[in-house]
Amino acid sequence: MGNALLPSPFFQRIWVVKIDTGFKGVHVKIKKSLLNKNYNDSIFGGTLFSAADPFYPLLFHQLFSKKGYKLKVWSKSSSIQYLKPGLSDVYFKISLTDDEIANAEQILNTEGKYLAHHPIDIYNKNGDVCVSLVNEVYMRNLDFNDTGL
């Protein structure tokens, strides 16, 4: 997939650069601009936080929907550490491994609900980590029937 812009983050300058084959990963760029910089001339922390929020749920939802699952998926919680100011454009990439996907599927099939923490590091143009966060993803298999009760 080429450069795509999600409509809601347009003014925050959050760009999806690439979605990996099979929705197993995503590459995101946050362009520093007049629209998202703070008084310290760095990217506003809220922009950085909101950039990372939707992508793990989006990937999981796409992966499992293509497998025929009916799901509810969202970011249940997040925690963030701002380590360096984002004085330039910043980037992040997240990927789901085959083991992570298989583990999530096994949990969805046996427990009906998946809850796990997934890390994201956001880098500046020099490769320095500016932001480190953890996104807690919740998925519920809407077709799950617990026959053990």
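Below, each value reflects all heavy atoms present in this structure, side chains not excepted, and no hydrogens, waters or symmetry copies. Since the model is a prediction, treat every value here as computed from it, not as a measurement.
Summarising the hydrophobic clusters (Ile, Leu, Val, Met, Phe, Trp, Tyr; side-chain heavy atoms under 4.5 Å, direct or chained), the residues clustered with Leu83 are Tyr123, Val129.
Sorted by first and then second residue, the salt bridge (charged side-chain N to carboxylate O under 4.0 Å, His left out) pairs with a member in residues 106-132 read Lys84-Asp128; sequence neighbours excluded. Pairs of residues two or more places apart, or lying in two chains, that qualify as salt bridge (charged side-chain N to carboxylate O under 4.0 Å, His left out) and include a residue from residues 98-107 are Lys24-Asp98, Lys67-Glu105.
Annotation for Gln81: atom CD does not count as buried by contact number, only 12 or fewer foreign heavy atoms lying within 6.0 Å.
Counting heavy atoms from C-beta outward, Asp20 and His27 have side chains that approach closer than 4.5 Å. Side-chain contact check for Ile101 versus Phe64: some heavy-atom pair is nearer than 4.5 Å.
Separation of atoms CG (Leu133) and CD1 (Ile120) is listed at 5.0 Å; rounding is to 0.5 Å. Within the model, atoms CD1 of Ile14 and CZ of Phe55 stand 7.0 Å from one another, a figure rounded to the nearest 0.5 Å. Here the CD1 atom belonging to Ile30 is positioned 6.0 Å from the CD1 atom belonging to Ile43, to the nearest 0.5 angstrom.
Scanning for ring-ring contact (aromatic ring centres under 6.0 Å, His included) contacts around Tyr56 gives His118, with sequence neighbours left out. Checked against ring-ring contact (aromatic ring centres under 6.0 Å, His included), Phe44 has no partners two or more places apart in sequence or in another chain.
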Return all side-chain donor-acceptor pairs below 3.5 angstrom for residues 136-143, not counting sequence neighbours, or 'none' if the list is empty.
residue, atom, partner, partner atom, Å
Glu136, OE1, Ser77, OG, 2.5
Asn141, OD1, Asp143, N, 3.0
Asn141, ND2, Leu108, O, 3.4

Show which side-chain atoms of residues 45-53 pair as donor or acceptor with protein atoms under 3.5 Å away, not counting sequence neighbours.
residue, atom, partner, partner atom, Å
Thr47, OG1, Gln12, OE1, 3.4
Ser50, OG, Gln12, OE1, 2.7
Ser50, OG, Gly46, O, 3.1
Ser50, OG, Thr47, O, 3.2
Asp53, OD1, Ser75, OG, 3.3

Only pairs under 3.5 Å count here: list side-chain donor-acceptor contacts from residues 85-95, not counting sequence neighbours, and write none if there are none.
residue, atom, partner, partner atom, Å
Asp89, OD1, Lys32, N, 2.9
Lys93, NZ, Ser95, OG, 2.9

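Under a hydrophobic-cluster definition in which Ile, Leu, Val, Met, Phe, Trp and Tyr are linked whenever side-chain heavy atoms come within less than 4.5 Å, directly or via other members, Val26 and Trp74 are assigned to different clusters.
Looking at Asn124, its side chain does come within 3.5 Å of a backbone N or O of Asn126 through a donor-acceptor pair.
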